[in-house]
Undergrad: 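Next up is a structure, given as structure tokens.
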Amino acid sequence: MSVDHTTEELCQISALVERLARESHTQTSHYLESMRLEHEFGIRIGRRTTQVIRFSVTALVILGVALVGLIITLIYHMSNITQRMNEMSGHMGNVVTTVQRMDYKMGIINGQLGTLNGQMNHMTRDVNNISAPMRMMPFRP
């Protein structure tokens, strides 16, 4: 089998191969550029993620320190709070004693008022009994 290619065919084949090589080079360069951009994009995402993580860790550390400070303050003042509560309990005992005394005294006063009320009722009957003959008199004031 003999292949006789003419110069024109060879020029066409050469032009076709050259065009394919250029397109391949262009496609390869586009592929390499897209890979470079993807790599840069990945690096940018990584940097942003790292910044977010750093900020979050910093915020958590600050909140942790504040929380520990609050707990230490509460523990430090807990004995003071307990002492004050014990003092208030002592005062409440005094208040209860005073209220019990007042209740006792009010009972005595209530009994005396009941006696006074009974005596006033008795006096009212006595006055009514004494004044009964005067009601029969013809003159009225």
Side-chain angles (χ1 to χ4, degrees), residues 1-137 139-141:
M1 195 167 161
S2 130
V3 178
D4 269 343
H5 292 294
T6 61
T7 310
E8 184 178 314
E9 287 177 341
L10 287 175
C11 283
Q12 285 177 348
I13 291 172
S14 174
L16 183 62
V17 168
E18 186 180 330
R19 193 174 87 203
L20 283 173
R22 265 189 268 123
E23 283 183 16
S24 174
H25 178 68
T26 303
Q27 294 298 326
T28 303
S29 127
H30 285 262
Y31 176 76
L32 290 174
E33 179 65 17
S34 68
M35 293 306 291
R36 185 186 66 77
L37 290 174
E38 182 182 0
H39 180 70
E40 287 177 5
F41 184 66
I43 289 172
R44 284 177 36 199
I45 287 176
R47 285 182 182 152
R48 290 257 170 96
T49 304
T50 303
Q51 285 177 346
V52 168
I53 291 171
R54 283 181 188 154
F55 179 75
S56 299
V57 167
T58 303
L60 285 174
V61 166
I62 290 171
L63 286 174
V65 167
L67 188 61
V68 167
L70 288 172
I71 290 171
I72 289 171
T73 302
L74 179 64
I75 290 170
Y76 176 74
H77 291 292
M78 188 58 80
S79 64
N80 191 14
I81 292 169
T82 304
Q83 180 186 358
R84 298 290 169 105
M85 293 297 284
N86 288 336
E87 288 175 8
M88 286 174 55
S89 295
H91 293 308
M92 290 304 290
N94 293 338
V95 168
V96 167
T97 303
T98 303
V99 169
Q100 287 172 343
R101 284 183 189 158
M102 287 174 54
D103 184 48
Y104 175 74
K105 300 273 182 179
M106 289 301 286
I108 292 172
I109 291 172
N110 194 17
Q112 289 176 349
L113 285 174
T115 303
L116 181 64
N117 193 20
Q119 290 175 351
M120 289 298 287
N121 286 335
H122 196 26
M123 280 177 52
T124 302
R125 276 193 308 257
D126 288 347
V127 168
N128 284 337
N129 286 337
I130 292 172
S131 66
M134 293 178 103
R135 280 189 226 136
M136 296 183 154
M137 299 275 173
F139 57 92
R140 296 267 174 179

Undergrad: Output side-chain donor-acceptor pairs under 3.5 Å for residues 85-99, partner residues at least two apart or in another chain, one line each.
TA:
from  : atom 1 : to    : atom 2 : distance (Å)
Asn86 : ND2    : Thr82 : O      : 3.4
Ser89 : OG     : Met85 : O      : 3.1
Thr97 : OG1    : Gly93 : O      : 2.9
Thr98 : OG1    : Asn94 : O      : 2.9

Undergrad: Going by heavy atoms in the side chains, are Met106 and Asn110 under 4.5 Å from each other?
TA: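 Side chain of Met106 against side chain of Asn110, heavy atoms only: no contact under 4.5 Å found.
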Undergrad: As an exercise, state the distance from CZ of Arg44 to CG of Leu37, rounded to the nearest 0.5 Å.
TA: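 These two atoms lie 9.5 Å from each other.
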Undergrad: Would one find more than 12 heavy atoms of other residues, nucleotides or ligands at under 6.0 Å from atom CZ of Arg36?
TA: yes
Undergrad: First locate atom CG of Asp103, then atom CD of Gln100, and finally report the distance between them rounded to the nearest 0.5 Å.
TA: 8.0 Å
Undergrad: About how many Å separate CD1 of Ile53 and OG1 of Thr58, when rounded to the nearest 0.5 Å?
TA: 11.5 Å
Undergrad: Side-chain atoms of residues 111-122: list all donor-acceptor pairs with protein atoms under 3.5 Å, sequence neighbours left out, distances to 0.1 Å.
TA:
from   : atom 1 : to     : atom 2 : distance (Å)
Thr115 : OG1    : Gly111 : O      : 3.0
Asn121 : ND2    : Asn117 : O      : 3.4
His122 : ND1    : Arg125 : NH2    : 3.2

Undergrad: Got a sec: does the CD of Glu40 have more than 12 other heavy atoms crowding it under 6.0 Å?
TA: yes
Undergrad: Using side-chain contact (heavy atoms from CB on, under 4.5 Å), reason through Val52 and Ser56 one step at a time and then give a plain yes or no.
TA: CA-CA 6 Å; Val52 168; Ser56 299; 4.2 Å; yes
Undergrad: Can you list every pair that meets salt bridge (charged side-chain N to carboxylate O under 4.0 Å, His left out) and has a residue in residues 15-31, with sequence neighbours left out?
TA: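 Every pair satisfying salt bridge (charged side-chain N to carboxylate O under 4.0 Å, His left out) with a residue in residues 15-31: Glu18-Arg22, Arg19-Glu23.
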Undergrad: How long is the straight-line distance from CD1 of Ile71 back to CD1 of Ile75, given to the nearest 0.5 Å?
TA: 6.5 Å
Undergrad: Find the distance between CD (Glu9) and CG (Leu16) and round it off to the nearest 0.5 Å.
TA: 12.5 Å
Undergrad: Output the distance between atom CG (Leu60) and atom CZ (Phe55), rounded to the nearest 0.5 Å.
TA: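 One gets 10.0 Å once the value is rounded to the nearest 0.5 Å.
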